[in-house]
2 protein chains.
Amino acid sequence: MAKVALSRREQNKAEKRGRIIAAARALFAHKGFEATTTQQIAEAAEVAAGTLFLYARSKDDLLILVFREEMIELVERAYRLARREPALIEQLVTYFETFVAHHERDLPLARALMRQLAHVAGADERSEVNELMTNVLGRLSLIIESAKGRSQARFETPLTPAARAVFGVYYFNLLSLLNGYINREQFDRDLRGQLELVLRGL
Amino acid sequence: MAKVALSRREQNKAEKRGRIIAAARALFAHKGFEATTTQQIAEAAEVAAGTLFLYARSKDDLLILVFREEMIELVERAYRLARREPALIEQLVTYFETFVAHHERDLPLARALMRQLAHVAGADERSEVNELMTNVLGRLSLIIESAKGRSQARFETPLTPAARAVFGVYYFNLLSLLNGYINREQFDRDLRGQLELVLRGL
DNA sequence: CAATAAAACTGATCATACTCATATTTATCC
DNA sequence: GGATAAATATGAGTATGATCAGTTTTATTG
């Protein structure tokens, strides 16, 4: 921990930020995203209504604030679990299923979060989301790279495009799940089937 | 045209609907989606503020109203253009590039539209969006199926999963473009590279 | 055609995300 | 440590998407 010499100001800000995130997380989980008002979050965090918008550009932005650390841990865990699998297809399935299992705890909220991730507002938000995506795609690249060593992927396969293609497949299926076009069972089947297809080629 | 025997009521509704769509389209194009108020649309369409919400459940929903027919034609045109190509990879690239060329005329609006398509509100909207997606994916399936006949795709490749996988790849790249992570040139390169990858397998 | 019912429309009203002029708190300087 | 500047917080105010009780228009019935 390199948390030395936090000035009074920085302490207060960090503390307030923490209260806001905690309040937002609790209310979103309890009442849902739309049903939660920014007033309620402000009250629960014991800050004024306007203060909220010094820490998040918008209500939507609160979602990113709330989920950022959570997502970083999730990606880490998904990667750890995926690495234990011997076959590339299982690694990919495990990686993505770990995400979905997490999202399944609160599908409406995950839906709101995905909406926000897919519609970044400005430069600041873009770089935040980009950081997260880089993390997710980076792990995917590592998984694919290691599969090359086990002869489960061609050596010529470029890692970044491969990771992005595979993620695209996952993402579209996730949207189908979150928007109620398919259920979890179908999602599992579809994802696996499509990933197999991508590994083999059409 | 099977437009026989429109009752007075149906006539009025169709006319009003048309005015609302036209007004919304014009204002969105001219001032952008966020900067356009529902009041302005109502005024331009010469209906009361509340009437708007009898034709669209929400402001966001107006986007779907505005773009539905447009999208149907676009898919048709993209399919026609794609069929002229001899190679599967070129067919896919052409199909998707036709979409993007259309979206490029107004990127912010396309971004708003994609956001809405990815976040359907209720059952009615879901079926509307579903209809559109079925159309898009259906054409994709046809393209892939015909490639089987030319030995550019395996016979065993299941069409629907293949179409969905390929679309997923496109969709994720489209989001990157719309959110400003990449520019058009990069998009073109990335899309082609990733589609080639999916055709060959990893 | 008058009476009744059903559908469609209206616009004042409401709820709430977000702003901004003002006040308060914290840091800096001599 | 008092004065000044900078950063942060406040909450009343604003803009606007959405609602809904009341009105108007259209259809139906006898």
Side-chain angles (χ1 to χ4, degrees), chain A residues 4-21 23-24 27-28 30-66 109 112-113 115-116 119-122 124-125, chain B residues 4-21 23-24 27-28 30-66 109 112-113 115-116 119-122 124-125:
Chain A
V4 291
L6 272 188
S7 73
R8 186 72 180 267
R9 227 169 229 172
E10 286 163 328
Q11 269 182 39
N12 283 344
K13 277 187 74 167
E15 199 187 313
K16 233 165 238 189
R17 200 182 124 98
R19 289 209 309 272
I20 289 171
I21 290 177
L27 284 165
F28 289 164
H30 188 250
K31 320 181 47 167
F33 177 72
E34 278 86 8
T36 300
T37 69
T38 57
Q39 274 294 343
Q40 292 169 340
I41 297 171
E43 274 171 35
E46 296 181 63
V47 297
T51 305
L52 220 61
F53 296 93
L54 298 174
Y55 291 83
R57 313 182 95 66
S58 64
K59 184 185 176 185
D60 284 341
D61 198 35
L62 278 170
L63 280 170
I64 292 180
L65 212 59
V66 165
L109 197 55
L113 177 64
R115 167 186 159 117
Q116 185 55 13
H119 192 95
V120 300
D124 323 346
E125 206 172 278
Chain B
V4 291
L6 272 188
S7 73
R8 184 71 179 266
R9 226 171 230 174
E10 285 163 329
Q11 271 181 38
N12 283 345
K13 277 187 73 169
E15 200 186 313
K16 232 165 241 189
R17 199 182 125 97
R19 289 209 308 273
I20 289 171
I21 290 176
L27 283 165
F28 289 164
H30 188 249
K31 320 180 47 168
F33 177 72
E34 278 86 9
T36 301
T37 69
T38 57
Q39 273 294 342
Q40 292 169 341
I41 297 170
E43 275 171 36
E46 295 180 61
V47 296
T51 305
L52 220 61
F53 295 93
L54 298 174
Y55 291 84
R57 311 185 97 66
S58 66
K59 185 185 177 185
D60 284 340
D61 198 36
L62 279 169
L63 280 170
I64 292 180
L65 212 60
V66 164
L109 197 55
L113 177 64
R115 168 187 159 114
Q116 185 55 13
H119 193 94
V120 300
D124 323 347
E125 205 172 279

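Residue numbers start from 1 in every chain, and the chains themselves are labelled A, B, ... in the order their sequence lines are given, proteins ahead of strands.
- Here the C1' atom of nucleotide D:dG17 and the CD atom of B:Gln116 are 14 Å apart, to the nearest Å.
- Atom P of nucleotide D:dA27 and atom CD of B:Glu10 are separated by 8 Å, given to the nearest angstrom.
- Atoms CD1 and CG, on A:Ile20 and A:Leu52 in that order, are 5.0 Å from each other to the nearest 0.5 Å.
- Taking atom CZ of A:Phe53 as the reference point, atom C1' of C:dT16 lies 9 Å away to the nearest angstrom.
- The CZ-C1' distance, from B:Arg8 to C:dC9, rounds to 15 Å in whole Å.
- If you measure from atom CD of A:Glu34 to atom C1' of D:dA18, you get 14 Å, rounded to the nearest angstrom.
- Considering B:Leu63, B:Leu62, B:Leu27 as possible partners of B:Phe33, the one that fulfils the side-chain contact (heavy atoms from CB on, under 4.5 Å) test is B:Leu63.
- Sparse packing is recorded around CZ of A:Arg17, with 12 or fewer heavy atoms of other residues, nucleotides or ligands lying under 6.0 Å away.
- Following rounding to the nearest Å, B:Gln11 (CD) and D:dA27 (P) show an atom-to-atom distance of 9 Å.
- Between A:Ser7 and C:dA27, a side-chain N or O to OP1/OP2 separation shorter than 4.0 Å is present.
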Enumerate all atom pairs, one protein N or O and one N or O from nucleotides 7-10 of chain D, separated by less than 3.5 Å.
{"from": "D:dA7", "atom 1": "O4'", "to": "A:Arg9", "atom 2": "NH1", "distance (Å)": "3.3"}
{"from": "D:dT8", "atom 1": "OP1", "to": "A:Lys13", "atom 2": "NZ", "distance (Å)": "3.4"}
{"from": "D:dA9", "atom 1": "OP1", "to": "A:Lys16", "atom 2": "NZ", "distance (Å)": "3.3"}
{"from": "D:dA9", "atom 1": "OP1", "to": "A:Tyr55", "atom 2": "OH", "distance (Å)": "3.0"}
{"from": "D:dA9", "atom 1": "OP2", "to": "A:Tyr55", "atom 2": "OH", "distance (Å)": "3.1"}
{"from": "D:dT10", "atom 1": "OP2", "to": "A:Ala48", "atom 2": "N", "distance (Å)": "3.0"}
{"from": "D:dT10", "atom 1": "OP2", "to": "A:Thr51", "atom 2": "OG1", "distance (Å)": "2.5"}

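- Here the side chain of B:Lys59 is nearest to one of D:dT26, C:dC18, D:dG17, namely D:dG17.
- Put simply, CG on B:Asp61 is 14 Å from P on D:dG17, counting in whole angstrom units.
- Going from atom CD1 of B:Ile20 over to atom C1' of D:dA18 covers 15 Å, rounded to whole Å.
- Here the shortest heavy-atom pairing between B:Glu125 and B:His119 reads OE2-O, 4.1 Å.
- In this structure, B:Phe53 and B:Asp61 have side chains that are not in contact, with every pair of non-hydrogen atoms separated by 4.5 Å or more.
- Annotation for A:Thr36 and A:Lys59: closest pair O-NZ, 2.7 Å, computed over non-hydrogen atoms.
- Proximity of B:Thr38 to the phosphate of D:dT16: no side-chain N or O atom is located under 4.0 Å from OP1 or OP2.
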B:Gln40/B:Lys31 under side chain to side chain contact (heavy atoms under 4.5 Å, CB included): CA gap, chis, key distance, verdict: CA-CA 11 Å; B:Gln40 292 169 341; B:Lys31 320 180 47 168; 2.9 Å; yes
